[in-house]
Amino acid sequence: MFSVLERCDAARTIPEFKELLLESLASTFSYRNLTCFAGPTIKEAFADRSPSLRGSCVASWPGYRDRWHEIDVLSSDESCLLLSQEGLSDIDRLRTVPAWGREYIDGHMRQWGYRSSAIMHLQFPRGGHALVGLTDPEPHLIDDGAAAALRLLARHLSAISRRIPVEVPSLPVLSGRLQEVAALVGEGRSNREIAETLFLSLDTVKKYVSRVLAATGCRSRAEYVARVHVPPAR
């Protein structure tokens, strides 16, 4: 644990922190297949389009991104509650597995020969969240001792990551209407809510949102909120 913390404490940027974290988990705990997702909420982190990857997760990532992330068994309400409260969720410790979660296990995990899957939750700067995934062909990857260590590690890693300064990219100059749409996207409003607020058609809002994402270099609404939108000071 101290080795992982010491290496990650040397990070000066969030991307560097993510890479050092995966490297240290691989070398210290011998976890081979690792991911690090990030997002404005725990649920939205599962949809991260540019995670850090290691091991066989590099090859399995495209299928996960395009099909499986929405029904990842560890994105269930029970799992997200464990992540929020304890910093760790493991399929072996879930009391219930929804039908769609079983589809994920029988589909994605079986395809890649994974028999274990766990996630560690970290707090990131500006209220962000990170999910560190650990998968393996061996069953019961996380025993009780490892689970206790990872929960404690998650708390200390969160303290490190929250101190890392975040470079906020400057927003491009947008037209008045696009600025209004961008602000509402940043508040987490749906397209329908934006249409009702600005008295626009749903199709028009969809076009405006696409233009906002293109102008800011973001590939999703979640990425826009996490990387570009800065909440107003209170």
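Numbers for residues simply follow the sequence, beginning at 1. What you see below is based on every heavy atom in this structure, not just the backbone, and it leaves out hydrogens, waters and symmetry mates.
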Under 3.5 Å, is there a donor-acceptor pair linking the side chains of [X] and [Y]?
| X | Y | answer |
| --- | --- | --- |
| Asn33 | Ser56 | yes |
| Thr204 | Ser201 | yes |
| Thr28 | Arg7 | no |

Under a 3.5 Å distance rule, please check whether [X] uses its side chain to pair with a backbone N or O of [Y] as donor and acceptor.
| X | Y | value |
| --- | --- | --- |
| Glu78 | Arg95 | yes |
| Arg221 | Arg189 | yes |
| Asp48 | Ala38 | yes |
| His129 | Ile42 | no |
| Ser116 | Ile142 | no |

Over 12 foreign heavy atoms within 6.0 Å of CD, Glu16: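 Yes, enclosed.
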
Mutual orientation of the aromatic rings belonging to Tyr64 and His69 [parallel < 30°, tilted 30-60°, perpendicular > 60°]: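 Tyr64 vs His69 ring planes: tilted.
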
Aromatic plane relationship, Trp68 with His108 - under 30° parallel, 30 to 60° tilted, over 60° perpendicular: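 His108 vs Trp68 ring planes: tilted.
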
Short N-O contact, Asp72 and Lys43, less than 4.0 angstrom: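 Here Asp72 does not pair with Lys43 in a salt bridge, since their nearest N and O are not under 4.0 Å apart.
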
Arg192 side chain reached by Leu202 side chain, heavy atoms, under 4.5 Å: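 Of all side-chain heavy-atom pairs linking Arg192 with Leu202, at least one is under 4.5 Å.
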
